[in-house]
Number of protein chains: 2
Amino acid sequence: MSPRTKVQFEEIRQKSRENIEKIALELFAIKGYHATSISQIAEKAGISKGLLYNYYKSKEQLLDSVIMKVYDEIMRIVQMSENLPAEKQIEQMIIQTTEHLKKNITFWQLYLFLVHQSDVHKKLSELYEKMRDDYLNYVVKLFKEMGSKNPTMEALMLGTMFDGIGLNYVTAPEGYPLDEMSNYMIEIFVKNKKG
Amino acid sequence: MSPRTKVQFEEIRQKSRENIEKIALELFAIKGYHATSISQIAEKAGISKGLLYNYYKSKEQLLDSVIMKVYDEIMRIVQMSENLPAEKQIEQMIIQTTEHLKKNITFWQLYLFLVHQSDVHKKLSELYEKMRDDYLNYVVKLFKEMGSKNPTMEALMLGTMFDGIGLNYVTAPEGYPLDEMSNYMIEIFVKNKKG
DNA sequence: GTCTATAATATGATAGAC
DNA sequence: GTCTATCATATTATAGAC
């Protein structure tokens with residue numbers, strides 16, 4: 001056995017982090033940040049508390065790392081169809097967000113946690129503001145391209161509806177007519193614009 | 001000094017409870033349930049921890065009492081204009097909810113906590129479901145009276161928009177165009193129906 | 001009805017061995 | 001890189017005096 005190289009160590013660290021963050025995201029999303037203990041995360045991740053603190057300075061920092069992934073993922077969805085015309089981009093954004101929501105309820109639960117509890121600490125509220133701004137900048141531009149009379153207002157309304165739909169679907173997925181809501185949004189923000 | 005009567009004792013208890021619940025609502029709403037300790041509530045309410053446990057069996061039960069008030073208040077707003085024609089009722093509901101939101105941000109923060117974290121314990125999720133059902137029953141009926149093609153869907157969409165708007169306004173009241181959103185809702189759910 | 005003191009426990013975080 | 005043992009603290013909740 002040759003000694004492990006720097007790269008190999010880095011790989012192990014990476015895998016460990018991913019494992020921890022996957023579990024943390026799940027627990028934070030379902031139980032909430034404060035109701036989730038480090039012990040629970042460590043236990044479910046199959047590691048010791050000590051090791052967890054080797055990777056993250058504090059529980060707060062672990063939350064930051066996890067929320068970062070949420071931010072990245074959401075901006076990815078928003079900008080997913082960059083090359084299409086504005087109208088098609090909005091439509092795709094609605095469709096893709098809906099599909100993502102169906103398959104990743106806990107993810108969106110954590111997103112809602114970010115929105116709802118962003119003032120837990122400073123870094124979190126900064127991240128929320130950044131995400132909000134990035135989303136708005138991008139989507140306002142799209143509505144402008146579509147010749148909207150009030151692009152800011154429309155972008156805000158679209159975001160607001162995403163939030164409302166996410167909140168309702170995440171809370172009670174069974175009874176909620178997600179696809180119909182999705183179609184309704186396409187009607188309002190895309191179809192009704194023609195003519 | 002004559003000895004205090006039963007009625008007088010009851011009055012004292014009532015006042016104490018109201019005081020405690022007012023503070024608890026505020027702290028639960030701003031910091032979240034788990035991040036708020038009994039000590040903080042007692043301190044801010046100007047009483048001892050011991051007394052608090054004289055009134056409430058547990059922290060969880062205190063939350064239940066506080067959430068109950070939220071439920072009552074929301075149903076009050078929904079049914080506020082009972083005597084008006086359906087169209088006017090919807091319009092008033094939107095206007096009144098908007099005004100209430102402006103003046104009672106912490107209240108709505110706690111409502112959103114109920115929606116978002118209703119599975120903290122069983123009683124809470126039951127209350128959420130009851131509120132949701134009561135709201136839907138009432139509003140679906142209104143949309144039916146207005147001759148809507150899909151009353152359930154419209155009632156759900158209205159509720160969803162309330163949630164989204166509340167979430168956004170509560171999170172960042174400064175930049176959010178609440179009145180414009182309110183007007184937008186009236187356009188969609190009332191004005192566009194005529195003809 | 002109200003307070004102080006305290007029990008019982010859980011939590012976030014660290015130290016040190018391997 | 002990983003674990004066990006432990007510290008310091010904070011939390012919910014109770015007991016008992018006034």
Side-chain angles (χ1 to χ4, degrees), chain A residues 1-25 27-28 30-67 117 120-124, chain B residues 1-24 27-28 30-67 117 120-121 123-124:
Chain A
M1 283 287 216
S2 59
R4 275 174 255 206
T5 64
K6 265 189 184 174
V7 177
Q8 282 172 320
F9 269 119
E10 202 35 62
E11 240 172 57
I12 292 172
R13 287 188 70 82
Q14 190 57 30
K15 280 254 195 281
S16 275
R17 292 186 99 98
E18 272 169 28
N19 177 37
I20 294 168
E21 286 173 20
K22 183 169 161 283
I23 301 289
L25 186 146
L27 288 177
F28 286 160
I30 293 171
K31 310 182 51 148
Y33 173 70
H34 287 101
T36 303
S37 71
I38 292 281
S39 310
Q40 288 166 348
I41 298 170
E43 190 180 359
K44 204 166 180 193
I47 59 164
S48 68
K49 280 196 284 181
L51 183 56
L52 203 152
Y53 278 100
N54 183 16
Y55 286 109
Y56 305 93
K57 212 179 99 274
S58 64
K59 186 183 173 186
E60 220 170 61
Q61 207 198 69
L62 173 56
L63 175 65
D64 289 344
S65 299
V66 169
I67 292 282
Q117 301 266 355
V120 165
H121 67 276
K122 207 185 157 203
K123 213 178 160 189
L124 218 62
Chain B
M1 283 286 217
S2 57
R4 274 175 254 205
T5 64
K6 264 189 186 177
V7 177
Q8 282 173 321
F9 269 119
E10 201 36 61
E11 239 172 59
I12 292 172
R13 286 187 71 81
Q14 189 57 31
K15 279 254 194 281
S16 275
R17 289 186 101 98
E18 272 170 28
N19 177 37
I20 294 169
E21 286 173 20
K22 184 170 161 280
I23 302 289
L27 288 176
F28 285 161
I30 293 171
K31 311 182 50 148
Y33 172 70
H34 288 100
T36 303
S37 71
I38 291 281
S39 310
Q40 289 166 348
I41 297 171
E43 191 181 358
K44 204 164 178 193
I47 59 164
S48 68
K49 281 193 284 182
L51 183 57
L52 203 152
Y53 277 101
N54 183 15
Y55 286 108
Y56 305 93
K57 209 180 100 276
S58 65
K59 186 183 171 185
E60 208 166 87
Q61 206 197 69
L62 173 55
L63 175 66
D64 289 343
S65 299
V66 169
I67 293 281
Q117 301 266 354
V120 164
H121 67 276
K123 213 177 160 189
L124 219 61

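Lettering of chains follows the sequences in order, A, B, ..., and the numbering in each one begins at 1.
- In this structure the side chain of A:E60 reaches within 4.5 angstrom of the side chain of A:Y33, judged on heavy atoms.
- Nucleotide C:dT2 holds its P atom 12 Å from the OH atom of B:Y56, rounded to whole Å.
- Counting all heavy atoms, side chain and backbone alike, A:I38 lies closest to A:Y53 at CG1-OH, 3.6 Å.
- One atom, NE2 of A:H34, and another, P of C:dG12, lie 10 Å apart when rounded to the nearest Å.
- Between the side chains of B:Y56 and B:E21, at least one donor-acceptor pair of N or O atoms lies under 3.5 Å.
- Checking D:dT12, D:dG1, C:dT2 against every side-chain atom of B:S37, the shortest atom distance belongs to D:dT12.
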Can you give the donor-acceptor pairs under 3.5 Å from side chains of residues 42-50 of chain A to other protein atoms, not counting sequence neighbours?
residue, atom, partner, partner atom, Å
A:K44, NZ, A:E26, OE2, 3.1
A:S48, OG, A:L51, N, 3.2

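- A:I67 places none of its side-chain heavy atoms less than 4.5 Å from the side chain of A:K123.
- Distance, A:K15 NZ to D:dT2 P: 13 Å, rounded to whole Å.
- If you take CG of A:N19 and C1' of D:dG1, they are 14 Å apart, rounded to a whole angstrom.
- Rounded to an integer number of Å, the gap from CG of B:L52 to C1' of C:dG1 is 13 Å.
- Of the candidate nucleotides D:dT4, C:dG1, C:dC3, D:dT4 has the atom lying nearest to any side-chain atom of A:S48.
- Under the 6.0 Å distance and 45° angle rule, B:K59 does not count as a cation-pi partner of B:F28.
- Following rounding to the nearest Å, B:K31 (NZ) and D:dT11 (P) show an atom-to-atom distance of 9 Å.
- Spacing between atom CD of A:E43 and atom P of C:dG12 amounts to 13 Å, rounded to whole angstrom units.
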For nucleotides 13-17 of chain C, print each protein N/O atom paired with a nucleotide N/O atom at under 3.5 Å, atom names and distance only.
residue, atom, partner, partner atom, Å
C:dA13, OP2, A:Y53, OH, 2.9
C:dA13, OP2, A:K59, N, 2.8
C:dA13, N6, A:K49, NZ, 3.2

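- Atom P of nucleotide D:dG1 and atom CD of A:E11 are separated by 12 Å, given to the nearest angstrom.
- Residue-level contact check: B:Y55 touches the backbone only, with heavy atoms under 4.0 Å from sugar-phosphate atoms and none from bases.
- Closest approach to the B:I47 side chain among C:dT2, C:dC3, D:dG1 is made by C:dC3 (side chain taken as heavy atoms from C-beta onward).
- Using modelled atom types, one side-chain atom of B:Q8 and one backbone atom of B:T5 make a donor-acceptor pair closer than 3.5 Å.
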